[in-house]
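Structure, as structure tokens:
In what follows, every chain begins at residue 1, and chains take the letters A, B, ... in the order their sequences are listed.
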Amino acid sequence: MDGLTYARISHIAEYAGQEVTIRGWLYNKRSSGKLAFIIIRDGSGFIQGVVAKNAVGDEMFELCNSLTQESSIIVTGTVQDDPRSPGGYELQVSKVELVYMAEEYPISLKEHGVDFLLDHRHLWLRTPRQVAIMRIRSEVIKAMRDWLDDHDFILMDTPILTPAACEGTTTLFETDYYGEKAYLSQSGQLYNEANAMALGRVYCFGPTFRAEKSKTRRHLMEFWMLEPEMAYCDQEENMQIQEQFLAYTVQRVLEKRAAELKTLERDTSKLEKIIAPFPRMSYDDAIEYLKSKGVDTYWGNDLGATDETLLGEIHEKPVFITNYPTAVKAFYMKPDPKRPEVVLCSDLIGPEGYGELIGSSQRIDDPQLMFQRIKEHNLPEDAYKWYIDLSRYGSVPHSGFGIGLERTISWICGLDHLREAIPFPRLLNRIYP
RNA sequence: UCCUCGAUAGCUCAACGGUAGAGCACCCGGCUGUUAACCGGGUGGUUGUUGGUUCGAAUCCAACUCGGGGAGCCA
């Protein structure tokens, strides 16, 4: 290719002193009469190109001055280390080739409002902050999957189109399935239990859908959830797996995405403390603690968002809140044999006000009780026949958990809203772009 | 569904009953080390919609539309 060496900006240090060609876009430019600074981005990073008029000639210098924000350009130059440059390197430009002159770009480099940015999410994604978040998102997913794959879990995805609700029909997106009603999955868990009985340790990872009218920084209508499920596993082992798994994920991001965390100005000292084991607190103690803090609550009341924030502030690590009242939890959770009014479950509450990151429980393994619970919850028996079968044919103690990807990313990145943690957030009454 | 805040130039905001303005973006000019560069000039508005109060409404009132934050519920 014309003897040119194409370089990715993320690997620019490997080309110090050499002439390379970068293919990207103009992020920003500054210029004086005879010297222009063009900041080039190529998706992998940002680098400043220095264009001297007497080095490139009048015509090319004029081109640089006329470039609009986000114009696509191919830039050739010599890589030089320079302490004045944020990335440590800059490019002494010898040639700039215009691929396409961009129209006036809507997103200037000044501040913008949320509504405007969300309407331009397709362009907002190009900015350094969003790029950093997306790179961390990718690393979080890879770290989570690596940990599970290294611990004998098998990826076994569950359907998105489902005939009935996992936990009730009030918050489901309904769609038409050849004349029958179908629903977008709100959890892969029940199918995951079938998978676990087949493969032992499994996980599913995919989008889930909740048609809740929730309009808060902690909610998306479409979010990604990773749900491991383990046969022959009780709730104690379940929690140990969660803390190992999550601590590994956080430490992996600290190790591999330090530059991105710096871009986000994340206080990484808080993340460095996220190592197993995590503190635990029973629901009973949580209620007493909340009362002592002046919260108007009582035993049997579910924990609300402000309750979770208070509980999450006690420790610097995520905290397990264990053994909630049976009445406030899902039908499939196994009651504590010594104390049936509570279930063998835990919610993992993140620190710094990030709320519930993980919901988990040991599942009912007794077919009689399962049948009874389904009737109590007025769930359609026909639709759940296959699920009841799981406890009829070789039932075993089994447990699992679901972790919200965007909430985890939000916490690791220190975001103040989930909408930045996913490329195209689906929010209440907002499905564009 | 409820509570609460908001809507003025392409963007971020000011003007709070009396001539709609600034910064940025954009256009023109200047500048050889800029870091959201800077300096000078210029273009740019039916103040979300409808109605009301008033001599006069961006400003006060009502309804509606759209959006932000939160509650409930959840990950």
**Asked** Do the ring centers of A/Phe245 and A/Phe401 come within less than 6.0 Å of each other?
**Response** yes
**Asked** A/Glu212 has a side chain; which of B/rG33, B/rA36, B/rC73 sits nearest to it?
**Response** B/rC73
**Request:** Grab the CG-P distance between A/Asp296 and B/rA71 for me, whole Å please.
**Result:** 17 Å
**Message:** If we count only N and O atoms by modelled type, under 3.5 Å, do the side chains of A/Tyr203 and A/Asp149 hold a donor and an acceptor together?
**Reply:** yes
**Message:** Give me the distance, rounded to whole Å, that separates B/rG69 from B/rU54 when you measure between the P atoms they each carry.
**Reply:** 40 Å
**Nearest-Å distance once atom P is located in both B/rA20 and B/rA57** = 11 Å
**Asked** With respect to the side chain of A/Ser32, which nucleotide from B/rA36, B/rG72, B/rC31 is positioned closest?
**Response** B/rC31
**Message:** From C-beta outward on A/Leu220, which listed nucleotide comes closest to its side chain: B/rA75, B/rC31, B/rA36?
**Reply:** B/rA75
**Prompt:** Rounding to the closest angstrom, what is the interatomic distance between B/rG72 and B/rC2 at atom C1'?
**Reply:** 9 Å
**Message:** Pick the closest RNA chain B nucleotide for A/Arg430 and for A/Asp347 by heavy atoms, then say which residue is nearer the 5' end.
**Reply:** A/Arg430
**Prompt:** Expressed as a whole number of Å, how far does the P atom of B/rG68 sit from that of B/rU12?
**Reply:** 13 Å
**Request:** On the 0 to 90° scale, with breaks at 30° and 60°, tag the A/His120-A/His122 ring pair as parallel, tilted or perpendicular.
**Result:** parallel
**Prompt:** Atom CG of A/Leu427 and atom P of B/rG68: how far apart are they, to the nearest Å?
**Reply:** 7 Å
**Message:** Using the P atom as the point on both nucleotides, what is the distance between B/rC39 and B/rG56, in whole Å?
**Reply:** 44 Å
**Fill in**
Testing B/rG33, B/rA71, B/rU1 for proximity to the side chain of A/Gln92, the answer is B/rG33
**Request:** Give A/Glu222 one of three labels, base, sugar-phosphate or nothing, depending on what nucleic acid heavy atoms sit under 4.0 Å from its own.
**Result:** nothing
**Asked** For A/Leu405, which contact category applies under a 4.0 Å heavy-atom criterion: base, sugar-phosphate, or nothing?
**Response** nothing
**Message:** We want to know whether A/Glu19 and A/Thr76 form a side-chain donor-acceptor pair, criterion being a heavy-atom distance below 3.5 angstrom.
**Reply:** no
**Prompt:** Looking just at side-chain N and O atoms, do A/Ser44 and A/Asp42 make a donor-acceptor pair shorter than 3.5 Å?
**Reply:** yes
**Fill in**
Within residues 36-46 of chain A, those residues having any heavy atom closer than 4.0 Å to RNA chain B are A/Phe37
**Message:** On the side chain of A/Ser214, is there an atom forming a donor-acceptor pair with the base of B/rC73 - under 3.5 Å, no angle test?
**Reply:** yes
**Request:** Answer with base, sugar-phosphate or nothing: what part of the nucleic acid does A/Glu103 contact at a heavy-atom distance below 4.0 Å?
**Result:** nothing
**Message:** Side chains of A/Gln130 and A/Arg121 only: does a donor on one sit below 3.5 Å from an acceptor on the other?
**Reply:** yes
**Prompt:** Between B/rU19 and B/rA58, how far is it from one C1' atom to the other, in whole Å?
**Reply:** 14 Å
**Item:** Length of the line joining A/Asp82:CG and B/rG33:P, which is rounded to integer Å
**Value:** 13 Å
**Asked** Among side-chain atoms of A/Ser361 and A/Arg363, is any donor-acceptor pair under 3.5 angstrom?
**Response** yes
**Complete:** Side-chain atoms of A/Leu35 come closest, of B/rA71, B/rA36, B/rU32, to B/rU32
**Asked** Toward the 5' end of RNA chain B, which comes first, A/Leu428 or A/Leu303, by nearest nucleotide?
**Response** A/Leu428
**Asked** Quick one: which of B/rG68, B/rA75, B/rA36 gets closest to the side chain of A/Leu118?
**Response** B/rG68
**Message:** Whole angstroms only, please: what is the NZ-C1' distance between A/Lys215 and B/rC73?
**Reply:** 16 Å
**Fill in**
Out of B/rA75, B/rG33, B/rU32, minimum distance to the side chain of A/Gln48 belongs to B/rG33
**Asked** Just how far, in rounded Å, is C1' of B/rA36 from CD of A/Glu70?
**Response** 15 Å
**Message:** Taking atom types as they are modelled, would you say the side chain of A/Arg218 forms a donor-acceptor pair with the base of B/rC73 within the 3.5 Å cutoff?
**Reply:** no
**Item:** Parallel, tilted or perpendicular: rings of A/Phe153 and A/Trp147 (30°, 60°)
**Value:** tilted
**Item:** Sub-6.0 Å ring centroid separation between A/Phe331 and A/Tyr384
**Value:** yes
Protein N or O to nucleotides 10-16 of chain B N or O, pairs below 3.5 Å:
| unit_1 | atom_1 | unit_2 | atom_2 | d |
| --- | --- | --- | --- | --- |
| B/rC11 | O2' | A/Glu111 | O | 3.3 |
| B/rC11 | O2' | A/His112 | ND1 | 2.4 |
| B/rU12 | OP1 | A/Gly113 | N | 2.9 |
| B/rU12 | O4' | A/Glu111 | O | 3.4 |

**Asked** Atom CD1 of A/Ile431 to atom C1' of B/rC66: distance rounded to whole Å?
**Response** 17 Å
**Asked** To the nearest Å, how far apart are A/Leu91 CG and B/rU34 C1'?
**Response** 16 Å
**Message:** Of the listed nucleotides (B/rG33, B/rC31, B/rC74), which one gets closest to any side-chain atom of A/Ser31?
**Reply:** B/rC31
**Asked** How about A/Tyr191 and A/Trp386: are their ring centroids closer than 6.0 Å?
**Response** yes
**Message:** Under 3.5 Å, is there a donor on one side chain and an acceptor on the other for A/Tyr27 and A/Arg126?
**Reply:** no
**Item:** Atom P, compared across B/rG18 and B/rG33: separation rounded to whole Å
**Value:** 49 Å
**Prompt:** Rounded to the nearest Å, what distance is computed from the CG atom of residue A/Asp119 to the C1' atom of nucleotide B/rC66?
**Reply:** 11 Å
**Message:** What's the gap between B/rC3 and B/rU46 when it is taken at their C1' atoms, as a whole Å value?
**Reply:** 34 Å
**Prompt:** Within the structure shown, what part of the strands sits under 4.0 Å from A/His417 by heavy-atom distance: base, sugar-phosphate, or nothing?
**Reply:** sugar-phosphate
**Message:** At 4.0 Å (heavy atoms only), tell me whether A/Gly355 reaches a base, stays on the sugar-phosphate, or touches nothing.
**Reply:** nothing
**Message:** If the cut-off is 4.0 Å, is A/Arg419 near the phosphate of B/rG67, judged by side-chain N/O to OP1 or OP2?
**Reply:** no
**Message:** Within the 3.5 Å criterion, strictly below it, is a donor on A/Gln240 or A/Gln244 matched to an acceptor on the partner's side chain?
**Reply:** no
**Prompt:** Is there aromatic stacking of A/Phe223 against B/rA75, centre distance under 5.5 Å, plane angle under 30°?
**Reply:** yes
